[in-house]
Trainee: 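Questions regarding the structure given below will be posed in turn.
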There are 2 protein chains.
Amino acid sequence: MDVRTLCLGVLSEGDYTGYDIKKFFESSFSSFFPAGYGSIYPALAQLLEKQLVSCASQTQSKLPDKKVYQITASGLDQFRQSLREGKGTHRLRSEFLVQMFFSDHLDEHGLAALIDSRLSDINDEIATMDGMIGHQQGANTTGGAAFTRGFNRAMLEAGRNYINSHRVLVERQSDNKVTRFDSNVNRFAG
Amino acid sequence: MDVRTLCLGVLSEGDYTGYDIKKFFESSFSSFFPAGYGSIYPALAQLLEKQLVSCASQTQSKLPDKKVYQITASGLDQFRQSLREGKGTHRLRSEFLVQMFFSDHLDEHGLAALIDSRLSDINDEIATMDGMIGHQQGANTTGGAAFTRGFNRAMLEAGRNYINSHRVLVERQSDNKVTRFDSNVNRFAG
DNA sequence: GACTGCATGTAACGCGTTACATGATTGT
DNA sequence: ACAATCATGTAACGCGTTACATGCAGTC
C-alpha cells in the first residue's frame with residue numbers, strides 16, 4: 001500500500017485539493033501512515049494520468065489555481081480492490097528501541113535524556129489527540145476513524161506504561177560497557 | 001539511523017559474518033528494524049570502505065569464502081555517536097489500520113477476515129517469542145535486549161486486547177458505504 | 001526428491017524524505 | 001516585523017525491498 005492508494009481513499013470521502021489531502025493525512029493517518037507534499041502531489045499526478053481521479057481547476061486571483069480532485073468510478077473500484085487485497089502489514093521502525101537495545105553504550109545521563117524525550121513525545125501526542133476532540137464537528141466520526149484513533153491512543157499509553165515501569169532494566173546497566181570497552185581499547189591498536 | 005549503523009552495533013558485540021548479522025537482526029531487531037541480505041551486504045561493503053570495520057576472509061572448501069567482520073576503533077566511536085545523536089524516532093506504518101479506517105468500503109466477511117488475520121499474526125509473533133525463551137543460552141541477556149523484547153510483547157498484547165474489545169466499532173458499520181455508493185454509482189457515469 | 005541451512009552477493013525498481021522555489025493574505 | 005496559512009509543485013538523493021544468481025551438505 002502506497003501514498004497513491006491513500007489519496008484515493010481520502011478522495012472516496014469527498015473532493016479535495018492536494019493541500020486539503022495533506023491536512024487529512026495529518027489529522028487522520030499521521031500515526032500510521034505519514035506523508036508530505038513531496039509524496040502527495042506526485043501521487044495525484046499519477047492518479048490523474050491513470051484516470052483514477054479527475055481534476056477541476058479553479059482560478060483564484062493572486063493565489064495559485066486551486067486544483068480540486070474527484071475520484072472516478074474506476075478509481076473507487078481500484079481503491080476497494082487494493083483495500084481488500086492488502087496484506088495487512090503492520091510494522092514499527094524505531095530508533096528509540098535501537099538506542100535502548102544498545103543502552104550499555106550510553107552514559108547514565110544520556111540514556112535518561114533519551115527516555116525522557118521519548119516520554120515527552122508520547123505525552124505531546126496524547127495531548128494533541130485530546131486537543132482535537134470537539135474540534136472536528138461531525139467529520140471523522142466513522143467507526144474506522146474511531147477505531148484507529150483509539151488504537152493509536154492505546155499504543156501510546158501502553159508504551160508509556162511500559163517505559164515507566166521497565167526503564168530500570170536499562171538504567172541499572174548503563175555505562176557498563178562503555179567503561180569496559182574503554183579500558184580495552186588497545187584491542188584495536190594492535 | 002540506517003542499516004549501516006545497526007550492523008556496526010551488532011559488530012560492537014562480537015565478530016560476525018554477513019550471514020550471522022542477518023540472523024542477529026532476525027532474532028533481536030525484527031520487530032522494530034527489519035533488514036534483509038539486500039541491505040546488509042551492501043552496508044558492510046560501505047563500512048569496509050570507510051574503514052569502520054575490517055574483514056578477515058576464511059577460505060572454506062566447497063563453500064564461498066567466509067568473511068568475518070570486526071569493528072574498528074573509529075567504527076565504535078562512530079556508532080556511539082550515532083546512538084547518542086539519534087533523534088529517537090518511533091513510527092508505525094500499518095496497512096492494517098488503513099483497512100480499518102476505510103472499513104466501510106469492505107463487506108462484513110472481508111472485514112472479519114482481515115481482523116482475524118491480524119490477530120493470528122499477533123498470536124504467531126507472541127508464540128515465536130515464547131518459543132525462543134531458553135533457546136538462547138546466555139546470549140541476548142543484556143538489559144537492552146530484555147527491554148526491547150518486553151516492549152515488543154507489551155505492544156503486541158495491547159494491540160490484541162484493543163482489537164478484541166473494539167472490533168465492534170468497525171463491524172457494526174461495515175458495508176454501509178458500499179451499499180450507499182453502489183446505488184449512487186451514476187454520479188460517475190454522467 | 002525436496003527442502004532447509006550455509007554463504008555470498010548484484011541489479012532493478014519503487015518509494016519516500018528533504019530541501020528548494022514562489023508568493024499573497026491574515027493574524028500577533 | 002514575523003509567522004502562519006493558503007497553494008502549487010520539482011529535483012536530488014538515499015534507502016530499502018525484491019528478485020535473481022550460485023552451489024554444497026545434510027535431513028526427511
Side-chain angles (χ1 to χ4, degrees), chain A residues 1-8 15-27 29-30 32-50 53 55-69 82 86-87 89-95 98 135, chain B residues 1-8 15-27 29-30 32-50 53 55-69 82 86-87 89-95 98 135:
Chain A
M1 183 148 325
D2 50 29
V3 175
R4 262 194 311 279
T5 307
L6 265 281
C7 287
L8 231 33
D15 303 339
Y16 295 107
T17 65
Y19 190 82
D20 292 332
I21 291 173
K22 168 91 184 320
K23 285 194 295 186
F24 200 111
F25 266 77
E26 265 157 18
S27 69
F29 308 137
S30 61
F32 58 90
F33 217 107
Y37 292 124
S39 310
I40 291 169
Y41 282 117
L44 254 14
Q46 286 167 34
L47 290 172
L48 197 59
E49 210 180 341
K50 291 181 191 164
V53 301
C55 173
S57 287
Q58 288 174 6
T59 315
Q60 293 183 124
S61 53
K62 312 288 182 157
L63 273 178
D65 290 6
K66 189 187 277 195
K67 291 179 161 190
V68 181
Y69 292 91
S82 303
K87 288 180 285 297
T89 58
H90 184 82
R91 58 180 46 177
L92 185 66
R93 166 140 304 190
S94 176
E95 200 175 278
V98 173
H135 269 274
Chain B
M1 180 145 331
D2 49 29
V3 175
R4 263 195 309 280
T5 308
L6 265 281
C7 286
L8 233 33
D15 303 340
Y16 295 108
T17 65
Y19 190 82
D20 292 332
I21 290 173
K22 169 87 183 322
K23 284 194 296 185
F24 200 111
F25 266 77
E26 266 157 17
S27 69
F29 307 138
S30 60
F32 57 90
F33 217 106
Y37 293 125
S39 311
I40 291 170
Y41 283 117
L44 288 170
Q46 286 169 34
L47 290 171
L48 197 58
E49 209 180 342
K50 290 181 190 163
V53 302
C55 174
S57 288
Q58 288 174 7
T59 314
Q60 293 184 124
S61 54
K62 313 287 181 154
L63 274 179
D65 291 6
K66 190 187 278 194
K67 291 180 158 189
V68 181
Y69 291 91
S82 303
K87 289 180 282 300
T89 58
H90 184 81
R91 57 179 48 179
L92 184 65
R93 168 142 302 193
S94 176
E95 199 176 277
V98 173
H135 268 274

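Below, chain A is the first sequence line, B the second, and so on; all start at residue 1. Nothing here was measured: the structure is a model prediction, and the numbers come from that model.
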Trainee: Using whole Å, what does the distance between atom P of nucleotide D/dT22 and atom CG of B/Asp65 come to?
Mentor: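 B/Asp65 atom CG is separated from D/dT22 atom P by 19 Å.
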Trainee: Please report the distance, rounded to the nearest Å, between CZ in B/Arg91 and P in C/dG16.
Mentor: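 Rounding to the nearest Å, CZ of B/Arg91 and P of C/dG16 are 12 Å apart.
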Trainee: Rounded to the nearest angstrom, tell me the gap between atom NZ in A/Lys23 and atom C1' in D/dT8.
Mentor: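 It works out to 15 Å between those atoms.
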Trainee: On the nucleotide D/dG14, are OP1 or OP2 found under 4.0 Å from the side-chain N or O atoms that B/Arg4 carries?
Mentor: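 Negative; the distance criterion is not met.
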Trainee: Are A/Tyr69 and A/Asp15 close enough that some pair of their side-chain heavy atoms sits under 4.5 Å apart?
Mentor: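 A/Tyr69 does not reach A/Asp15 side chain to side chain.
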Trainee: Would you indicate whether the side-chain heavy atoms of B/Cys7 and B/Leu47 approach each other to under 4.5 Å?
Mentor: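 Heavy-atom side-chain distance check passes, below 4.5 Å.
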Trainee: Do other residues, nucleotides or ligands put more than 12 heavy atoms under 6.0 Å from B/Arg93 CZ?
Mentor: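 Yes.
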Trainee: Does A/Gly36 or B/Val68 map to a spot on DNA chain C nearer the 5' end, using the closest nucleotide for each?
Mentor: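 So the residue in question is B/Val68.
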Trainee: Round to a whole Å and report the spacing from CZ of A/Arg93 to P of C/dG16.
Mentor: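 Whole-Å distance recorded here is 14 Å.
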Trainee: Would you list the protein and nucleotides 9-11 of chain D atom pairs, both N or O, that sit under 3.5 Å from each other?
Mentor:
{"from": "D/dG9", "atom 1": "OP1", "to": "A/Lys67", "atom 2": "NZ", "distance (Å)": "2.5"}

Trainee: C/dT4 C1' sits how many Å from B/Glu26 CD, rounded?
Mentor: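 One finds 13 Å between C1' of C/dT4 and CD of B/Glu26, rounded.
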Trainee: Check the orientation of B/Tyr19 and B/Tyr37. Use parallel for under 30°, tilted for 30 to 60°, and perpendicular for over 60°.
Mentor: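 Geometry flag for B/Tyr37 against B/Tyr19: parallel rings.
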Trainee: Measure the distance from CG on A/Asp20 to P on D/dT8 and round it to the nearest whole Å.
Mentor: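 Roughly 7 Å, once rounded to whole Å.
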Trainee: Indicate yes or no: at least one non-hydrogen side-chain atom of B/Ile40 is less than 4.5 angstrom from one of B/Leu6.
Mentor: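 In short, these two side chains do not touch, never coming nearer than 4.5 Å.
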Trainee: OP1 or OP2 of D/dC15 less than 4.0 angstrom from a side-chain nitrogen or oxygen of B/Ser39, does that happen here?
Mentor: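 It does not, given that no N or O in the side chain of B/Ser39 lies less than 4.0 Å from OP1 or OP2 of D/dC15.
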Trainee: Please give, in whole Å, the distance from C/dG16 C1' to A/Phe25 CZ?
Mentor: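 Rounding to the nearest Å, CZ of A/Phe25 and C1' of C/dG16 are 12 Å apart.
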Trainee: For a quick test of reading the model, state the closest non-hydrogen atom pair linking B/Lys67 to B/Cys55 and the distance between them.
Mentor: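 In this case the closest contact between B/Lys67 and B/Cys55 is CB-SG, 3.8 Å.
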Trainee: Indicate the atoms forming the closest heavy-atom contact of A/Glu95 with B/Lys87, along with that distance.
Mentor: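 For A/Glu95 versus B/Lys87, the nearest heavy atoms are OE2-N, 2.6 Å.
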Trainee: From NZ of B/Lys66 over to C1' of D/dG23, roughly how many Å is that when rounded to an integer?
Mentor: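 Checked: the NZ to C1' distance equals 16 Å.
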Trainee: Give the nucleotide from the list D/dT17, D/dC15, C/dC15 with an atom nearest to the side chain of A/Asp2.
Mentor: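 The closest nucleotide is C/dC15.
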Trainee: Closest to the B/Tyr19 side chain: D/dC6, C/dG16, C/dG5?
Mentor: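 Selected nucleotide (nearest to the side chain): C/dG5.
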